Number of protein chains: 2
Amino acid sequence: MTMSTTGGGRRRPPTIHDVAREAGVSRGTVSRVLNGGHYVSPAAQEAVNAAIRKTGYVVNRHARSLITGRSDSVGFLLTEPQERFFEDPNFNVLLRGCTSALAAHDIPLLLMIAGTPDERRRITRYITAGHVDGVLLVSSHSGDPVAAELREAGVPLVSCGKPIGPGSSASKVSYVAADDRDGARDMVRHLLSLGRRRVATVAGPLDLPGGVDRLAGYREVLAEAGLPVDEDLIVSGDYSRAGGESAAARLLDRAPDFDAVFVASDLMAQGVMSALQKAGRRVPEDVAVGGFDDSPAALTTEPALTTIRQPWDRISAEMVRVLLAQIGGEDPAAVILPTELVRRASA
Amino acid sequence: MTMSTTGGGRRRPPTIHDVAREAGVSRGTVSRVLNGGHYVSPAAQEAVNAAIRKTGYVVNRHARSLITGRSDSVGFLLTEPQERFFEDPNFNVLLRGCTSALAAHDIPLLLMIAGTPDERRRITRYITAGHVDGVLLVSSHSGDPVAAELREAGVPLVSCGKPIGPGSSASKVSYVAADDRDGARDMVRHLLSLGRRRVATVAGPLDLPGGVDRLAGYREVLAEAGLPVDEDLIVSGDYSRAGGESAAARLLDRAPDFDAVFVASDLMAQGVMSALQKAGRRVPEDVAVGGFDDSPAALTTEPALTTIRQPWDRISAEMVRVLLAQIGGEDPAAVILPTELVRRASA
DNA sequence: TCAGGCTCTGTGAGCGTTCACAGTAGAGAA
DNA sequence: TTCTCTACTGTGAACGCTCACAGAGCCTGA
C-alpha cells in the first residue's frame, strides 16, 4: 500500500532547492527569476534558467498558493438548468475559448456545474473558500442565488450575457455580451431590403435580456421604416425547436399573410421552417426566414438558414480578459460585441 | 495594490487552528475528524463539528496538498482535434457526467484541451508535475503522444473508448467503452427480423476500434443467420454527414438492390437517408436504415432514425470510478457497457 | 501486581514556496 | 578615505496543513 504502487513510478519532483543548488545560487534568487526576474544579475538569470531546464523543474503551485493566497485558477460556473446550454453548440465554443485563453496565462479552468442543491452548496463553499481566484459565469438570470452569494463574498465574477435584475446592483457586475439589439436590427433590415413588408417575429423568452433586446431591435427597425407594428405578428417561444413549431402555428393562425419572419434562435427557426413547409409555404419564396445564433442547425435546414452570428470566440476571450483584470484589482466592466449577418438561402 | 482592493472584502478565512481553539482540542484532533474520524472520541468529534459549523471553516486544499502530495483534483483531457468531439452532443453528456461524479467526491475537474503544440506542452508539464492526481482522457487514438507521455510518467489514466494500438501495452490501459460489437449485432439482428435480406453497412473509419468492432458485429450476425457476406454491401465513411452521403452513393452504384443499411453513426445515417431519398428510395419501405449513437440528429431525420444508444451517463460514472480506484493504487481496468436499441420509424 | 494491549490526545517537524529583511559589493560623491 | 546609493544575493520566517511519535488513561489477562 506504500512504495511503488502504480507501474512507471512517479518519483519526487525537483524542488526550488534542487534548482538553486544546481545553479549555485540561493532559493531566493531562483524565486526571483521565476517571478519576473527583477533585481537579478544576467549571470544568475542564465544559470537558473539552465538549471531549470536541466532538472525539469516545475513550480509547485500548492506551495506557492499557500503563501500568496492566490490559487492561480479560475472556475467556469454553469448555474443554468444545464441541458439548455449543454445542447447549445455555441456553449462549446465558449468553453473551449475560455480554456484556451486561460491556458495562455497558465491558468487552469475548473468546470463547475451547479445542478442539484448539493452541488450548489459545494460549489459555493469551494469558491468562497478562495479555491479559485475568480469565476466565469454562464447563467441567463444573474439573480441566481449562487451568483448573488459569490458577488456578496466579493469574488471576481464575469457573466456571459447581459444580466437581468435591478439596474442598481447590475451596474457593479462585469459581463460580456453580443449586441442582441443590433443583431436583430440587422436581420430585420435585411428582411425589409428583400422587399418584405409583413415581417413577423418569433421572440425569445421575455424574461431574458436576450429575448427582450432582440424584440426591441425588431420594433425599432419597423418604426424606423415607418411600418406599423402589428401585435398579431409577434409571438414568442422558448428557444427550442418545438417552441418554434408551435409559434409558427400560432402565427399562421393569427396573421396568415406574413411574408417574412425573424426568429430569435436558430433552433426555433428550424421548427418554424418545418411548420411553414408542412403548411405549404415555400421558404424563402412565400416566407423569408431569418434566425439568430448561427448554430450548426442553421446548415442542416433546407434551405440553409440566414442568421446572425454572435462572436463567441471574442466573447470568451473578453470574458477572460475582464476577469483577469478584475482579479488584478480593476473595477468591473461591461463589454458589448458586434454581431454579424450571415446570408444563406432562407432569406 | 495591497489592502482591500475589491469591494466586498475577502477576509482571512478561519484555519484549523481557529477550529481547534474553538473546540478546545488540538490541531491533530481536528485533522483526524476531517480525515475519517478514526481514533477520536464521540465528545471530541461533536465539539469539532460544532466548531467547524460555527466558524465556517473550510480546509485549505493547498496546505493539504503540499503535505500529502495529492492534489485532489483530476484533469479531463481532450487531445482530439477537438471540433469533432465538441460538436458531438454526447460529449457534453460525458463531460457533465464526469463533473458530477467527481463533485460527489469533492474533486474538481480541470478541463484541458490539447490543441496547439504549445497547449500540448503546457498540459503535459502540468500533469506530469503532479498538479492533478489522474486524467480522464478523450481521444480516439491513444497512440497520441501526450497520452503516451502521461502513461510513461505513470499518471493514472482512463480512456473513453477502446484504445487502439499494440495489444501488449494496451492491456495496461484503463478504459471504459460501450459494447460496439454487441450494439452492431443488435441493430443488424433487428434489420433481419424485419425480413430484410440484403443488408448493407456503412462502417466507420477502420483505423478506429469503434469502426472495426461495429463492422465485426455486422459480419457476425450475417454469418450466424447463414447469409453470405457480400463485400459490395460494405463501404465506409468518416462519421460525418457528408461521408454518409457519398457512402450511400457508392452503395447505390455497387449494389442497388440492398433493402436495409446499418450505418455506424447517426450523422452518417443522416447523410445516407438524404442521399437515398434523393435517389427515389423510400425509408423505411424500400430501405430500412439503422444508425448508431442516438444523437439528437436521430430525431431530426424524416422519418426519425432507429439507432443504438450508448450509455454515456454510465460511461462517465464508470470512468470516474475506475480512475479513482487507480489513483487509490488499484490496477488498471477495462469496462465494457451494454448498448440499447432505440426503435423509431426508419427501421 | 505488572505487562501488554487498546483508544484517544497533543506536539513538533516539515511539505515547497514567497516575502521581508539584512547584508555584500561596487560605483560614485563628498 | 568614508559615506551613501544602487544592484544584487542569502536567510529565516511564515503559509495551513498532515504525519509520526510520544504519552496518558484504561481494560484485560497472567
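Just so you know, these numbers come straight off a predicted model, no measurement behind them. Here is the naming used below: chain letters follow the sequence lines, and residue numbers restart at 1 for every chain.
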Problem set entry | B:Arg125 and B:Glu119 ion-paired at < 4.0 Å | no
For this session: Assign A:Arg61 to base, sugar-phosphate, or nothing according to its heavy-atom contacts below 4.0 angstrom with the strands shown.
Result: nothing
Exercise. Taking OP1 and OP2 of D:dT9, is either one under 4.0 Å from a side-chain nitrogen or oxygen of A:Ser41?
Worked result: yes
Problem set entry | Global bending angle along the helix from C:dT1-D:dA30 to C:dA30-D:dT1, which compares the axes of five pairs at either end, to 10 degrees | 60°
Exercise. Short question: side chain of A:Thr68, backbone of A:Arg64 - any donor-acceptor pair under 3.5 Å?
Worked result: yes
For this session: Decide side-chain contact (heavy atoms from CB on, under 4.5 Å) for A:Ser31 and A:Ile16; before the verdict, give the C-alpha distance in whole Å, the side-chain angles of both, and the deciding distance to 0.1 Å.
Result: CA-CA 8 Å; A:Ser31 179; A:Ile16 201 173; 4.0 Å; yes
Exercise. Do the side-chain N or O atoms of A:Ser26 get closer than 4.0 angstrom to the phosphate oxygens (OP1, OP2) of D:dG10?
Worked result: yes
Problem set entry | Residue pairs passing the salt bridge (Lys or Arg N to Asp or Glu O under 4.0 Å) test where at least one lies in residues 312-325 of chain A, sequence neighbours excluded | A:Glu318-A:Arg321
Exercise. Is any side-chain N or O of B:Tyr39 closer than 4.0 Å to OP1 or OP2 of D:dC19?
Worked result: no
Problem set entry | Derivation and outcome, side-chain contact (heavy atoms from CB on, under 4.5 Å), residues B:Leu136 and B:Leu77 | CA-CA 6 Å; B:Leu136 299 163; B:Leu77 174 57; over 6 Å; no
Problem set entry | C:dC15 OP1/OP2 closer than 4.0 Å to side-chain N/O of A:Thr15 | no
Exercise. OP1 or OP2 of D:dT18 sitting under 4.0 Å from any side-chain N/O of B:Asn35?
Worked result: yes
Exercise. Do A:Arg32 and A:Thr29 have side chains that get closer than 4.5 Å, going by heavy atoms?
Worked result: yes
Problem set entry | Listed nucleotide nearest any side-chain atom of B:Arg32, set C:dG12, D:dA20, D:dG16 | D:dA20
